[in-house]
Engineer: 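There's a structure below that I have some questions on.
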Amino acid sequence: MRQRVVIAMALALEPSLVIMDEPTTALDVVVQNGIIKKVMELQQKFGFSVLFITHDLPLMLEMCDRIGVMYAGKLVEVAGRGELLKGAQHPYTQGLLGAFPALTGPKIKLEGIPGSPPDLISPPPGCRFAPRCKHAMPQCHTAEPAGQTGRSKYVACHLYTEGEIAHEQVSAGSERAQ
Ligand code: SF4
């Protein structure tokens with residue numbers, strides 16, 4: 001109920017943008033579903049935008065038009081919901097998607113992401129995901145990847161500056177993650 005009250009307070013001034021930082025954390029899925037439905041209903045009615053910050057990627061894929069994935073304080077991938085569902089490009093996004101069980105279909109072994117997030121006081125050099133990345137190459141440990149932008153996408157990963165073979169590796173990983 002407190003979360004509902006805070007959301008109502010946030011909407012009272014008719015904002016054009018609402019920033020929701022983990023608004024459903026610690027709620028059970030039934031209450032979470034009720035709150036999210038209410039927010040979406042209000043959004044349709046009043047036309048505001050929502051910037052939703054959460055660890056819950058499946059929830060994002062259900063309710064967001066455009067998703068930015070961050071790892072260790074860096075934006076690593078930005079894409080529309082449909083594009084992410086078709087095939088995430090960054091190995092971290094693939095790992096996240098591959099770690100959630102599907103509700104339907106055959107049972108498959110979930111891969112997960114090995115290791116732990118880095119210490120942000122002294123993050124690793126190069127790509128911050130390198131110590132956990134199965135595609136890591138030598139330059140990943142020394143040079144921070146520049147973001148590559150496509151039509152509506154953004155991905156920060158050396159695989160996308162290394163030519164076609166590397167690109168195929170990532171595409172294959174994306175398919176596994178779906
Ligand atoms: S830059 Fe290298 S280590 Fe980082 S995600 Fe891409 S392949 Fe993996």
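Hydrogens, waters and symmetry mates play no part in the numbers below; they use all other heavy atoms, side chains included. In this chain, residues are counted from 1 in sequence order.
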Engineer: Given the rule in the side-chain contact (heavy atoms from CB on, under 4.5 Å) test, do C64 and R81 qualify, once you have shown the distances and angles that lead to the verdict?
Structural biologist: CA-CA 7 Å; C64 293; R81 168 181 45 193; 5.9 Å; no
Engineer: Which atom pairs, donor and acceptor, lie under 3.5 Å between side-chain atoms of residues 99-109 and protein residues at least two apart or in another chain?
Structural biologist:
none

Engineer: Linking Ile, Leu, Val, Met, Phe, Trp and Tyr through side-chain heavy atoms less than 4.5 Å apart, which residues share a cluster with L13?
Structural biologist: none
Engineer: Can you list the residues that meet the side-chain contact (heavy atoms from CB on, under 4.5 Å) rule with M70, with sequence neighbours excluded?
Structural biologist: L75
Engineer: State, with a plain yes or no, whether a side-chain heavy atom of P91 is found less than 4.5 Å away from one of L159.
Structural biologist: yes
Engineer: With side chains defined as the heavy atoms from C-beta onward, is the minimum distance between D28 and Q32 less than 4.5 Å?
Structural biologist: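 D28 vs Q32: side chains apart.
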Engineer: Once you round to the nearest 0.5 Å, how far does NE2 of H135 lie from SG of C140?
Structural biologist: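 So the gap between those two atoms works out to 10.5 Å.
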Engineer: Which atom names give the shortest non-hydrogen contact between S116 and R132, and what distance separates them?
Structural biologist: O-CD, 3.3 Å
Engineer: Could you tell me which residues satisfy salt bridge (charged side-chain N to carboxylate O under 4.0 Å, His left out) with E144, sequence neighbours excluded, listed by chain and number?
Structural biologist: K74
Engineer: List in chain and number order the residues that pass side-chain hydrogen bond (donor to acceptor under 3.5 Å, both in side chains) with E41, two or more places apart in sequence or in another chain; answer none if no residue qualifies.
Structural biologist: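 Once residues adjacent in sequence are excluded, the partners of E41 under the side-chain hydrogen bond (donor to acceptor under 3.5 Å, both in side chains) criterion are K38.
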Engineer: Please report the interatomic distance CE(M137) to OG1(T142), rounded to the nearest 0.5 Å.
Structural biologist: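 M137 CE to T142 OG1: 10.5 Å, rounded to 0.5 Å.
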Engineer: Measure the shortest side-chain to side-chain distance between V78 and I67 over non-hydrogen atoms and say whether it is less than 4.5 angstrom.
Structural biologist: no
Engineer: Residues two or more places apart in sequence or in another chain: which of them pass side-chain contact (heavy atoms from CB on, under 4.5 Å) with I53?
Structural biologist: I19, D21
Engineer: Check A88 against Q94 and note the closest heavy-atom contact, atom names and distance.
Structural biologist: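 Looking at all heavy atoms of both residues, the shortest contact is O-NE2, 3.1 Å.
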Engineer: Could you measure the distance from the CG atom of L61 to the CG atom of L97? Nearest 0.5 Å is fine.
Structural biologist: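 Spacing of CG (L61) from CG (L97) equals 6.0 Å.
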Engineer: Sequence neighbours excluded, which residues qualify as side-chain contact (heavy atoms from CB on, under 4.5 Å) partners of Q43?
Structural biologist: F48, V50
Engineer: Would you call V69 and L96 a side-chain contact if the rule is heavy atoms closer than 4.5 Å?
Structural biologist: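 Contact flag for V69/L96 side chains = yes.
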Engineer: Under 4.5 Å between side-chain heavy atoms, counting indirect links through other Ile/Leu/Val/Met/Phe/Trp/Tyr residues: same cluster for M60 and M40 or not?
Structural biologist: yes
Engineer: Salt bridge or not between R66 and E83? Use side-chain N to carboxylate O under 4.0 Å.
Structural biologist: no
Engineer: List the atom of H141, the atom of A136, and the distance in Å for their closest heavy-atom pair.
Structural biologist: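 Distance-wise, the nearest heavy atoms are NE2-CB, 4.0 Å.
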Engineer: Measuring only between side-chain heavy atoms, which start at C-beta, is M20 closer than 4.5 Å to V39?
Structural biologist: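 SC-SC contact between M20 and V39 confirmed.
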Engineer: Between T93 and V155, does the side-chain contact (heavy atoms from CB on, under 4.5 Å) criterion hold? Intermediate values first, please.
Structural biologist: CA-CA 10 Å; T93 317; V155 63; over 6 Å; no
Engineer: Scan for side chain to side chain donor-acceptor pair (under 3.5 Å) pairs involving residues 46-60, sequence neighbours excluded, and state none if there are none.
Structural biologist: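 The answer is E22-T54, E22-H55.
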Engineer: Roughly how far, to the nearest 0.5 Å, is the CD1 atom of I35 from the CG atom of L27?
Structural biologist: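 Here the rounded value is 5.0 Å.
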Engineer: Which pairs count as salt bridge (Lys or Arg N to Asp or Glu O under 4.0 Å) when at least one residue sits in residues 2-19, sequence neighbours excluded?
Structural biologist: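 Passing the test, one end in residues 2-19: no pairs.
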Engineer: Measuring from Q89:CD to E77:CD, what's the distance to the nearest 0.5 Å?
Structural biologist: 6.0 Å
Engineer: For V18 and L11, run side-chain contact (heavy atoms from CB on, under 4.5 Å): C-alpha distance rounded to whole Å, both residues' side-chain angles, the deciding distance at 0.1 Å, then the answer.
Structural biologist: CA-CA 8 Å; V18 178; L11 300 183; 3.6 Å; yes
Engineer: What residues, two or more places apart in sequence or in another chain, satisfy side-chain hydrogen bond (donor to acceptor under 3.5 Å, both in side chains) together with Y92?
Structural biologist: none
Engineer: Suppose we screen for side-chain contact (heavy atoms from CB on, under 4.5 Å). Which residues come up paired with A156, at least two apart in sequence or across chains?
Structural biologist: Y154
Engineer: Give every donor-acceptor pair under 3.5 Å between a side-chain atom in residues 117-131 and any protein atom, sequence neighbours left out.
Structural biologist:
| residue | atom | partner | partner atom | Å |
| --- | --- | --- | --- | --- |
| D119 | OD1 | I121 | N | 2.9 |
| R128 | NH1 | A72 | O | 2.6 |

